[in-house]
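To start, the structure under review is shown below, and the notes come after it.
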Number of protein chains: 2
Amino acid sequence: MATMHDVAKLAGVSVSTVSYALTGARPVSEKTRARVQVAMDELGYQPNAIARSLASRRTRIIAMLFPSIERGLSGTALEFVTAAAETARERGYHLVLWPIGDDEVGETRALIHQHLADGVLVMEVRLDDPRVGLLRESRTPFTLIGRTADSEALDYADIDFEATVRDALEHIVGLGHRHIALLSHSKTSHDAGYGPTVRVGEAFSRYMAEHGLGTVIYHCDDSADAGRAAVNELFDTNPEITALVTMNDSATLGAVAELLESGRRIPDDISVLSIVSSPRVGALSHPRLTTMSAPGPELGRLGVTSLIDRIESGDRAILHELVPCRLDLQATTGVPPDRAPYRRPRTANPS
Amino acid sequence: MATMHDVAKLAGVSVSTVSYALTGARPVSEKTRARVQVAMDELGYQPNAIARSLASRRTRIIAMLFPSIERGLSGTALEFVTAAAETARERGYHLVLWPIGDDEVGETRALIHQHLADGVLVMEVRLDDPRVGLLRESRTPFTLIGRTADSEALDYADIDFEATVRDALEHIVGLGHRHIALLSHSKTSHDAGYGPTVRVGEAFSRYMAEHGLGTVIYHCDDSADAGRAAVNELFDTNPEITALVTMNDSATLGAVAELLESGRRIPDDISVLSIVSSPRVGALSHPRLTTMSAPGPELGRLGVTSLIDRIESGDRAILHELVPCRLDLQATTGVPPDRAPYRRPRTANPS
DNA sequence: TTGTACGCGTTATCAC
DNA sequence: GTGATAACGCGTACAA
């Protein structure tokens with residue numbers, strides 16, 4: 001529990017010299033710097049983070065603001081968190097978890113006014129998110145993980161849903177599929193303006209419309225059971241469907257299980273492509289899922305890096321980073337039944 | 001940015017009165033308390049957490065010390081983290097993530113000496129963990145999530161592996177199985193003294209020996225691929241096995257897929273019981289896995305509660321909390337083939 | 001019941 | 001290149 005005072009006394013210099021030797025905020029002669037170093041080593045001195053924060057008005061703490069939604073943090077959110085914590089540490093910052101409950105506004109305000117954090121990482125962003133206004137007004141540096149509806153002037157790192165859906169559908173349509181359904185997150189999440197649900201839905205509809213194909217979107221809770229129920233209903237009402245694009249890990253695995261159980265073959269009868277997922281999740285299924293993996297670690301690193309840059313020099317360019325999911329081709333996508341790839345639908349029976 | 005000074009001036013009292021009105025550390029007349037309250041509301045005053053910490057020598061921060069192991073935090077660790085953060089928040093504390101890399105000792109020491117945290121939650125505890133010694137010497141309050149080999153004098157919350165394995169095997173043996181294999185985590189994790197791997201292995205061996213049954217333990221990396229490879233090798237060398245107790249989510253799902261693919265029926269030919277898992281993971285498989293679910297949220301709450309209790313009154317009793325996994329009966333366990341339950345093995349063919 | 005004044009361990013602004 | 005010393009915003013012993 002040695003303090004700067006002790007170090008200064010032992011080294012025979014003033015406290016300010018010790019401080020400057022430590023931070024390098026002003027030049028110190030090599031001789032005295034060495035003396036200070038020796039004294040610090042001898043006493044096992046470590047600067048007190050709190051005192052430093054009070055005096056410098058910088059805490060080197062980043063708060064991760066996450067709403068405690070029904071399912072907690074998702075699997076990919078975990079990868080995000082560890083990558084973010086790691087990156088923060090590398091730059092000498094700490095990451096504190098700031099769960100917020102029902103009183104989003106009040107708790108966000110508390111975070112801001114307590115001056116505990118130099119910057120904020122906003123998780124689970126919705127299209128119209130009340131936290132954003134508060135943070136702007138308070139002039140607290142922040143980066144969105146996700147995007148609001150209008151985030152032109154805001155720093156964000158998000159998944160490029162547009163590109164992801166395009167890549168997904170190019171793969172599926174390229175195989176010859178024409179009747180494709182989207183199995184998405186819950187209707188509730190869509191109505192709440194949850195970015196991934198809304199954006200993927202829109203991108204899907206747009207792509208299908210542009211290619212003269214019909215749009216079937218099925219919303220489904222995040223559970224294998226819901227996924228099982230979903231496919232039953234889906235193929236009851238839309239028996240012509242030959243491919244499923246899914247964005248819902250739990251439901252996807254349930255759906256695959258149910259399809260197999262009901263006698264359908266994958267991918268011979270039905271193709272399945274799971275987006276915003278990961279090969280690790282895909283490997284849990286049999287046959288192994290073709291997935292497009294969410295860039296959780298990249299987003300974690302990007303978000304923290306940009307946030308710290310902004311904290312340390314407010315004038316940097318705005319971060320608008322969109323990272324697409326990467327395709328990992330596995331066993332659940334193939335050509336549709338009774339039809340060779342690239343042929344037009346509704347054609348006469350091939351001889 | 002209002003400070004106590006501003007509040008005091010506006011309320012016409014001294015700063016100390018504001019402070020006491022806030023903390024209740026000494027009685028304040030109802031009249032002045034009301035005046036102070038009005039002033040605080042008017043200014044939107046929030047106490048500065050850092051200044052408060054420096055003066056009180058308490059930060060109300062808990063550090064979660066986790067080694068960045070190969071797989072990052074596991075799925076149940078995520079539930080643990082959110083429950084811990086939530087509980088901390090309810091008690092007015094914050095949870096900061098403290099990932100440590102290769103220099104475990106150095107980074108733990110840094111955490112301690114920086115005085116940023118009032119207490120530490122030690123994650124991924126190994127039987128012989130160097131972090132424990134450091135924390136003891138520094139007299140920093142800490143709670144283990146897991147246990148060292150000798151943790152008599154330490155606070156810990158851990159899974160009751162002994163009871164979990166007993167419950168698991170009573171279920172399996174009760175169904176009539178006699179040839180049971182354990183599919184566990186990697187050999188590496190065992191050799192590193194990773195508690196779950198070691199303790200479950202020991203409990204398994206002991207139970208089997210006590211019941212006159214042979215012990216087969218197979219170590220396996222945490223991936224579906226490794227699980228697939230494992231069952232192939234396992235049933236090659238031990239074709240008599242009729243039940244698998246597993247502790248390795250990814251490998252289990254891979255193993256189930258591979259068993260089905262190789263023509264075996266579950267549970268008709270092989271029973272599978274996945275421990276230290278969860279029904280959510282179990283529901284990802286087809287047929288749905290019988291699981292024993294890890295008490296992640298309970299451990300998170302218990303660990304944080306006990307740690308805060310210790311921080312706030314150092315004299316409380318030592319926490320030795322062992323929580324068993326709960327059995328969730330589903331579709332992957334049943335009686336072994338060619339044999340009714342509870343009959344002795346090696347009997348003549350039933351007519 | 002309330003006010004004064006010092007201390008917490010740094011950083012940063014003056015001087016020299 | 002170095003040293004005093006005033007903030008930083010709050011807690012708390014002591015005094016009234």
Side-chain angles (χ1 to χ4, degrees), chain A residues 1-37 39-40 43-61 92 94 110 112-118 311-312, chain B residues 1-40 43-61 92 110 112-118 311-312:
Chain A
M1 318 313 118
T3 73
M4 269 196 175
H5 246 92
D6 305 328
V7 176
K9 206 158 25 175
L10 186 60
V13 298
S14 73
V15 277
S16 50
T17 299
V18 176
S19 174
Y20 289 122
L22 207 60
T23 63
R26 92 179 178 193
V28 172
S29 77
E30 197 41 57
K31 202 175 62 186
T32 60
R33 141 165 276 121
R35 281 235 305 284
V36 169
Q37 187 59 54
M40 294 201 304
L43 296 170
Y45 170 77
Q46 286 273 131
N48 180 310
I50 298 297
R52 167 172 282 185
S53 296
L54 183 59
S56 66
R57 324 182 109 262
R58 297 257 328 274
T59 62
R60 301 190 82 81
I61 287 177
H94 304 299
I112 293 168
H113 288 326
Q114 262 179 255
H115 291 289
L116 216 217
D118 290 342
I311 289 169
E312 298 186 343
Chain B
M1 318 287 134
T3 73
M4 270 195 173
H5 245 90
D6 305 327
V7 176
K9 205 157 27 172
L10 186 61
V13 298
S14 74
V15 278
S16 58
T17 300
V18 177
S19 174
Y20 289 121
L22 206 61
T23 63
R26 91 180 177 191
V28 173
S29 79
E30 197 40 60
K31 201 177 60 185
T32 59
R33 142 166 276 120
R35 280 235 305 284
V36 169
Q37 187 60 53
V38 168
M40 292 201 303
L43 296 171
Y45 172 76
Q46 286 272 132
N48 180 309
I50 298 296
R52 166 173 282 186
S53 295
L54 183 59
S56 66
R57 327 185 101 247
R58 298 255 328 274
T59 62
R60 301 190 80 81
I61 287 177
I112 293 169
H113 288 325
Q114 261 180 255
H115 291 290
L116 216 216
D118 290 340
I311 289 168
E312 297 185 343

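Naming: A, B, ... by sequence-line order, numbering from 1 per chain. Since we're looking at a predicted model, the values are computed, not measured.
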Can you give me the N/O atom pairs linking the protein to nucleotides 13-16 of chain D at distances under 3.5 Å, or say none if there are none?
from: dA13(D); atom 1: N6; to: Y20(B); atom 2: OH; distance (Å): 3.3
from: dC14(D); atom 1: N4; to: R26(B); atom 2: NH1; distance (Å): 3.3

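- Of the possible polar contacts, one joining the S53(B) side chain to the A49(B) backbone as a donor-acceptor pair under 3.5 Å is found.
- Atoms CD1 and CZ, from I311(A) and R60(A) in turn, are 9.0 Å apart once rounded to the nearest 0.5 Å.
- Along DNA chain C, the nucleotide nearest to P27(B) and the one nearest to S56(A) differ in position, and the one closer to the 5' end is contacted by P27(B).
- The overall bend of the helix from dT1(C)-dA16(D) to dC16(C)-dG1(D), read as the angle between its terminal helix axes built from five base pairs each, is 40° when rounded to 10 degrees.
- Of the residues in residues 43-53 of chain A, not one comes within less than 4.0 Å of DNA chain D through any heavy atom.
- Closest approach of H94(A) to L116(B), counting heavy atoms only: CD2-CD1, 3.6 Å.
- Contact annotation: T32(A) side-chain N/O to dT2(D) OP1/OP2 distance is under 4.0 Å.
- Taking all atoms of both residues into account, the shortest heavy-atom contact from S16(B) to S14(B) is OG-OG, 3.0 Å.
- Rounded to whole Å, the distance from CG on L54(B) to P on dC8(D) is 14 Å.
- When side chains are defined from C-beta on, R58(B) counts as touching E312(B), because their heavy atoms get closer than 4.5 Å.
- Residue S19(B) is classed as a base contact, given a heavy-atom separation below 4.0 Å to a base.
- Chain B approaches DNA chain C over the interval dT1(C) to dG9(C), counting the first and last nucleotide 5' to 3' with an atom under 4.0 Å from its heavy atoms.
- For the pair L22(A) and R52(A), the minimum side-chain heavy-atom distance is below 4.5 Å.
- Straight-line distance from the CG atom of L22(B) to the P atom of dC10(D): 9 Å, rounded to whole Å.
- Between M4(A) atom CE and dA4(D) atom P there is a gap of 15 Å when expressed in whole angstrom units.
- Residue contacts shown for V18(B) are absent, as no nucleic acid heavy atom lies under 4.0 Å away.
- For the pair I61(A) and D118(A), the minimum side-chain heavy-atom distance is 4.5 Å or more.
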Would you list the atom pairs, donor with acceptor, under 3.5 Å between side chains in residues 1-13 of chain A and any protein atom, with sequence neighbours excluded?
from: T3(A); atom 1: OG1; to: H5(A); atom 2: N; distance (Å): 3.1
from: D6(A); atom 1: OD2; to: T3(A); atom 2: N; distance (Å): 2.9

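- Atom CZ of R57(A) and atom P of dC10(D) are 11 Å apart (whole Å).
- Across the interface with DNA chain D, nearest-nucleotide mapping of R33(A) and V15(A) shows R33(A) to be the residue nearer the 5′ end.
- The shortest non-hydrogen separation linking L54(A) to I50(B) is N-CG2, 3.6 Å.
- The two residues H115(B) and N48(A) come nearest to each other via the heavy atoms CB-ND2, 4.1 Å.
- Rounding to whole angstrom units, NZ of residue K9(A) and C1' of dG3(D) are separated by 16 Å.
- Separation of atoms CD (E30(B)) and OG1 (T32(B)) is listed at 8.0 Å; rounding is to 0.5 Å.
- With sequence neighbours excluded, no residue forms a side chain to side chain donor-acceptor pair (under 3.5 Å) with T23(B).
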